[in-house]
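A short write-up of the structure that comes next.
As the structure is a prediction and not an experimental result, all values here were calculated from the model.
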Amino acid sequence: MTPTHDAPTLALLRQGRWFSGLPEGFQHRLVQPGRRVQLARGERLFARGDANSGLYAVLSGAISVGAVGPGGKEALVAVAEAPQWFGEIALIDGGPRTHNADAREASTLLWLPLAELHALLAEDPRRWQAFGQLAMEKLRALFMGVEELALLAAPARVARRLLSLATAHGQLAEGQTRDALQLNQEQLGAMLALTRQTVNLVLKDFEARGLLRCQYGRIDILDWAALGREGEG
């Protein structure tokens with residue numbers, strides 16, 4: 001693990017809406033004590049119940065956030081890619097980690113150790129508001145997802161979730177999007193409480209109509225407008 005506060009790291013993190021909205025001085029102060037953490041594919045960063053070790057941002061690769069039930073069934077809550085941040089829940093409430101975090105592929109993270117974060121917040125308690133805003137961005141996305149599960153048919157749910165993933169659930173800065181989503185049909189189904197078979201049928205229909213293209217472990221969005229219309233239900 002090595003310190004990191006170089007210009008390319010800052011430029012990458014500014015592609016995220018939350019970080020780009022922070023005062024420039026706070027951006028530098030926040031990143032300055034950061035350490036790079038390298039993870040191999042499949043390596044676990046932390047597990048549900050682990051003590052809080054600090055805050056993370058994805059610089060490259062992807063991190064799966066989820067849990068495994070007693071029968072071995074996976075519940076995939078989110079996939080964090082650059083420049084998304086995660087780990088703020090344990091920072092705010094002081095509790096343990098709520099889910100497992102595993103590298104979906106070789107990944108590089110920016111780690112802000114807990115002691116450094118506490119020192120940063122002690123300098124100016126008003127900075128707590130920034131981390132509260134980060135948590136609320138995700139809470140809004142969570143509420144919308146719960147509503148979609150209850151009210152929308154499978155095609156609309158799939159369309160909305162793909163568009164949400166393409167903007168990192170609203171966490172990317174204005175004008176930033178992802179046309180290529182790194183996930184498979186089973187993982188998408190786990191996010192939406194749909195079977196793999198149902199997701200497969202929906203994606204095949206979307207692909208036949210030119211809305212997207214499915215590849216191994218990846219979905220490419222081709223027609224944002226049409227996919228948006230599908231999401232209207």
Side-chain angles (χ1 to χ4, degrees), residues 1-41 43-46 52-65 78-92 97 101-138 140-141 163-183 218 220-221 224:
M1 293 178 289
T2 56
T4 176
H5 48 272
D6 54 284
T9 298
L10 284 168
L12 173 63
L13 294 175
R14 285 170 181 155
Q15 294 177 23
R17 186 175 68 174
W18 175 73
F19 188 82
S20 66
L22 300 176
E24 186 173 349
F26 187 24
Q27 292 178 4
H28 286 273
R29 182 66 182 85
L30 183 61
V31 171
Q32 188 175 19
R35 301 289 186 271
R36 289 184 187 271
V37 176
Q38 305 288 343
L39 296 176
R41 178 185 176 88
E43 187 174 353
R44 175 153 292 176
L45 177 64
F46 55 73
N52 175 16
S53 56
L55 191 67
Y56 295 89
V58 183
L59 301 180
S60 68
I63 303 295
S64 295
V65 180
V79 176
E81 299 180 81
Q84 288 177 261
W85 294 79
F86 63 97
E88 73 284 345
I89 293 177
L91 170 66
I92 291 173
R97 296 300 188 187
D102 303 290
R104 291 171 52 85
E105 56 190 82
S107 302
T108 302
L109 308 179
L110 173 66
W111 172 45
L112 304 179
L114 186 61
E116 300 284 359
L117 284 170
H118 283 167
L120 181 71
L121 293 165
E123 291 175 4
D124 186 350
R126 291 174 298 180
R127 290 171 174 167
W128 274 108
Q129 183 179 5
F131 295 104
Q133 289 172 337
L134 177 61
M136 290 306 101
E137 281 189 4
K138 296 180 182 180
R140 285 179 182 273
L163 291 174
S164 181
L165 289 169
T167 59
H169 306 289
Q171 293 181 56
L172 295 183
E174 186 175 355
Q176 299 289 331
T177 58
R178 298 173 181 147
D179 293 326
L181 305 177
Q182 305 296 327
L183 80 166
R218 168 175 161 171
D220 296 331
I221 297 177
W224 284 74

Arg140, CZ: over 12 other non-hydrogen atoms inside 6.0 angstrom: no
Heavy-atom pair with the smallest gap, counting every atom of Trp224 and Ala166: CH2-CB, 3.2 Å
pair Arg97-Asn52: side-chain heavy atoms closer than 4.5 Å: yes
Which residues share a ring-ring contact (aromatic ring centres under 6.0 Å, His included) with Phe46, sequence neighbours left out: none
Non-hydrogen atoms of Ala40 and Ala103 that approach each other most closely: O-CB, 3.3 Å
Leu13 and Gln27, any side-chain heavy atoms less than 4.5 Å apart: no
Euclidean distance, Trp85 CH2 relative to Leu109 CG, rounded to 0.5 Å: 11.0 Å
Nearest atoms (heavy-atom pairs only) where Leu59 meets Ala82: O-CB, 3.5 Å
Heavy-atom closest pair, residues Gly34 and Leu110: CA-CD1, 3.6 Å
Point-to-point distance, once rounded to the nearest 0.5 Å, from CD of Gln84 to CD of Gln15: 12.0 Å
Separation between CZ of Arg126 and CZ of Phe26, rounded to the nearest 0.5 Å: 11.0 Å
Side chain to side chain, Ser107 and Ile63, heavy atoms closer than 4.5 Å: yes
Atom of Ala80, atom of Val58 and distance for their closest heavy-atom approach: O-CG2, 3.7 Å
Atom pair CG/CD of Leu121 and Gln129 - distance to nearest 0.5 Å: 12.5 Å
Val31 vs Leu112 side-chain heavy atoms within contact, under 4.5 Å: no
Nearest atoms (heavy-atom pairs only) where Pro113 meets Pro33: CD-O, 4.0 Å
Validation row: Arg36, Thr9 side chains within 4.5 angstrom (heavy atoms): yes
Rounded distance [0.5 Å steps], CG in Leu91 versus CZ in Phe86: 13.5 Å
Parallel, tilted or perpendicular: rings of Trp18 and Phe131 (30°, 60°): tilted
Side chain proximity check, Leu30 to Arg127, heavy atoms < 4.5 angstrom: no
Glu24 and His28, any side-chain heavy atoms less than 4.5 Å apart: yes
Value rounded to 0.5 Å, distance of CZ in Arg104 from CG in Leu183: 6.0 Å
Side chains of Phe19 and Leu12 in contact at under 4.5 Å (non-hydrogen atoms): no
